[in-house]
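Note that the numbering runs from 1 along the sequence shown for the chain.
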Amino acid sequence: MATDQPAQWPPLPTIELPPFLQFLKLKNFPLKVYPPVYDRPKLTKDTLSIYGPGYKASWGSFDVECLQMQVYLKFCGIEFDVSNSNEPSSSPSGKLPYLTTVTGAVFDAEQIHKWIADRNKTKTLASTADNEQSKAFIALARTKLHAAWLFSTWLEPLNYSEIASKAYYGHVPAPIHAILSYQKQNEVVQLLLTDRDILVREEIYKDAAQALEALSIKLGDNGYFFGSSEPTFVDAVIFSYLHVIMSMPTHASSLGDEEKKQASALRNLVRKHDNLVRYAKAIYEQWIK
């Protein structure tokens, strides 16, 4: 039984150019290589991209999540540079912070913890029980204190107009910075409404006050949480909230005393606890200043 044979295409004809057209032959390709318009410099150190610089040109970020990672990397004894990117769109996750290593790898905030663990640099508490309990205090800070920090930063009129919008979007030309600030404020409102029907200033700050009381009692007279001899991730988280809240600039606005009182309400709640203030100041002096 005959089988079908694949079709055979005839060879393409060879066309010889006449001598006067020989210059059209592409003997070398590409004809010319131009240098890149921008050649990104090679990193000499692993680099953490953050919102920054901090208030009063501080090394520490004015953003809680960025400062947490800055401080924790320091706690872990990892040498790194800081890039005041202020551009979350440059991150693979669309959020700051993120870490770029000298090998070209890029890690978002969650992946950085694994990167630290792979280098055997993770700082943990002495006992398993303390490590488990520390998760509860981290959750307390990331819910109650975080909500109060967001409200104070983005929804208190003075803090929003004179501090937050300039810190986060001051590098963007007008009027785009105003649009981005307004969008961020709306995002904060929607985020805060995920677990409440209405935003009530007094309730949000009451929750923060209770959280601060619990943190103050747990810390006691210790230098670090859980009586640890060295700082761990729970200290990075709690310190970051305390520092960012207390370091926010005061206002010289011509607005009334009531607006200024509201703008500083969260800071005043922190200052009621002398041990938390001493704790935050000591970490700042040793690890950031």
Inset, instruction - Work out which heavy atom in Leu96 is nearest to a heavy atom in Ser85; give both atom names and the distance. - result: CD2-OG, 4.4 Å
Legend entry - Residues that Asp118 engages under salt bridge (Lys or Arg N to Asp or Glu O under 4.0 Å), provided they are two or more places apart: Lys114
Inset, instruction - Without swapping roles, check the side chain of Gln185 against the backbone of Trp154 for a donor-acceptor pair under 3.5 Å. - result: yes
Legend entry - Polar side chain donor-acceptor pair, Thr122 to Thr124, under 3.5 angstrom: no
Legend entry - Over 12 non-hydrogen atoms of neighbours within 6.0 angstrom of CG in Asp195: yes
Legend entry - Ser83 side chain vs Ser49 backbone, donor-acceptor pair below 3.5 Å: no
Legend entry - Pro231 versus Lys123, closest heavy-atom pair with distance: O-CB, 3.8 Å
Legend entry - Residues Arg201, Glu156: salt bridge by 4.0 Å N-O rule: yes
Legend entry - Pairwise side-chain contact, Leu215 with Phe137, heavy-atom cut-off 4.5 Å (strictly under): yes
Inset, instruction - Flag yes if Ile138 and Phe75 sit in one hydrophobic cluster, no otherwise; membership is Ile, Leu, Val, Met, Phe, Trp, Tyr, and two members link when side-chain heavy atoms are under 4.5 Å apart. - result: yes
Inset, instruction - Would you name the heavy atoms of Ile116 and Cys76 that are closest together and state the gap between them? - result: CG2-SG, 3.9 Å
Inset, instruction - Please test Ser134 against Phe226 for side-chain contact (heavy atoms from CB on, under 4.5 Å), starting from the C-alpha separation and ending with a verdict. - result: CA-CA 8 Å; Ser134 72; Phe226 295 88; 3.6 Å; yes
Inset, instruction - Indicate yes or no: does Lys206 engage Glu203 in a salt bridge with an N to O separation below 4.0 Å. - result: no
Inset, instruction - Kindly determine whether Leu193 and Leu191 satisfy side-chain contact (heavy atoms from CB on, under 4.5 Å), including the steps that lead there. - result: CA-CA 5 Å; Leu193 286 174; Leu191 179 62; over 6 Å; no
Inset, instruction - Examine distances only and state if a side-chain atom of Ser165 and a backbone atom of Ser161 form a donor-acceptor pair shorter than 3.5 Å. - result: yes
Inset, instruction - Not counting sequence neighbours, which residues clear side-chain contact (heavy atoms from CB on, under 4.5 Å) with Gln111? List them please. - result: Phe107, Asp108
Legend entry - Closest contact, heavy atoms only, Trp59 versus Ile50: O-CD1, 4.4 Å
Legend entry - Any side-chain donor near an acceptor of the partner, His146 and Tyr241, under 3.5 Å: yes
Inset, instruction - Give a yes or no on whether Glu110 atom CD has more than 12 heavy-atom contacts from other residues, nucleotides or ligands under 6.0 Å away. - result: no
Inset, instruction - Quick one: do Phe151 and Tyr205 satisfy ring pair (Phe, Tyr, Trp, His ring centres under 6.0 Å)? Show the steps, please. - result: CA-CA 9 Å; Phe151 188 95; Tyr205 288 156; 5.8 Å; yes
Inset, instruction - Establish, from distance only, whether the side-chain atoms of Thr153 and Asn159 form a donor-acceptor pair under 3.5 Å. - result: no
Legend entry - Atom pair CG/CZ of Leu242 and Arg278 - distance to nearest 0.5 Å: 13.0 Å
Inset, instruction - Please assess Leu67 against Val244 for the test side-chain contact (heavy atoms from CB on, under 4.5 Å), listing each intermediate value before the final yes or no. - result: CA-CA 8 Å; Leu67 184 58; Val244 169; 3.8 Å; yes
Legend entry - Asp274/Lys281 salt bridge by N-O under 4.0 Å criterion: no
Inset, instruction - State which residues pass side-chain contact (heavy atoms from CB on, under 4.5 Å) with Lys166; sequence neighbours excluded, sorted by chain then number. - result: none
Inset, instruction - Verify, without hydrogens or angle tests, whether Ser228 (side chain) and Tyr224 (backbone) share a donor-acceptor contact under 3.5 angstrom. - result: no
Legend entry - Side-chain donor or acceptor of Ser152 paired with backbone N/O of Ala148 under 3.5 Å: no
Legend entry - Any donor-acceptor N/O pair, Arg271 side chain to Val277 backbone, under 3.5 Å: no
Inset, instruction - Give a yes or no answer on whether the side chain of Ser216 reaches the backbone of Glu213 with a donor-acceptor pair at less than 3.5 Å. - result: no
Legend entry - Heavy-atom pair with the smallest gap, counting every atom of Asp46 and Thr101: OD1-CA, 3.1 Å
Legend entry - Hydrophobic cluster membership, Tyr160 vs Ile176, 4.5 Å side-chain cutoff: yes
Inset, instruction - Check the pair Thr100 / Leu43 against side-chain contact (heavy atoms from CB on, under 4.5 Å), numbers first and verdict last. - result: CA-CA 9 Å; Thr100 307; Leu43 298 179; 3.6 Å; yes
Legend entry - Co-membership, hydrophobic cluster, residues Leu192 and Val200, 4.5 Å side-chain: no
Legend entry - Sidechain-backbone polar pair: Arg119 side chain, Trp115 backbone, donor-acceptor under 3.5 Å: no
Legend entry - CA sep, side-chain torsions, deciding dist, call: Asp130, Lys135, salt bridge (Lys or Arg N to Asp or Glu O under 4.0 Å): CA-CA 9 Å; Asp130 284 346; Lys135 295 177 182 178; over 6 Å; no
Inset, instruction - Indicate the atoms forming the closest heavy-atom contact of Phe80 with Gln70, along with that distance. - result: CZ-O, 3.5 Å
Legend entry - Whether Asp63 side chain and Cys66 backbone form a donor-acceptor pair below 3.5 Å: yes
Legend entry - Sidechain-backbone polar pair: Asn275 side chain, Gly220 backbone, donor-acceptor under 3.5 Å: yes
Inset, instruction - Would you indicate whether the side-chain heavy atoms of Tyr168 and Lys184 approach each other to under 4.5 Å? - result: no
Legend entry - Joint hydrophobic cluster, Val102 plus Ile112, side-chain heavy atoms closer than 4.5 Å: no
Legend entry - Note, Tyr55 side chain near Ile163 side chain (heavy atom, < 4.5 Å): yes
Legend entry - Distance-only side-chain donor-acceptor flag, Tyr279 / Asp235, under 3.5 Å: yes
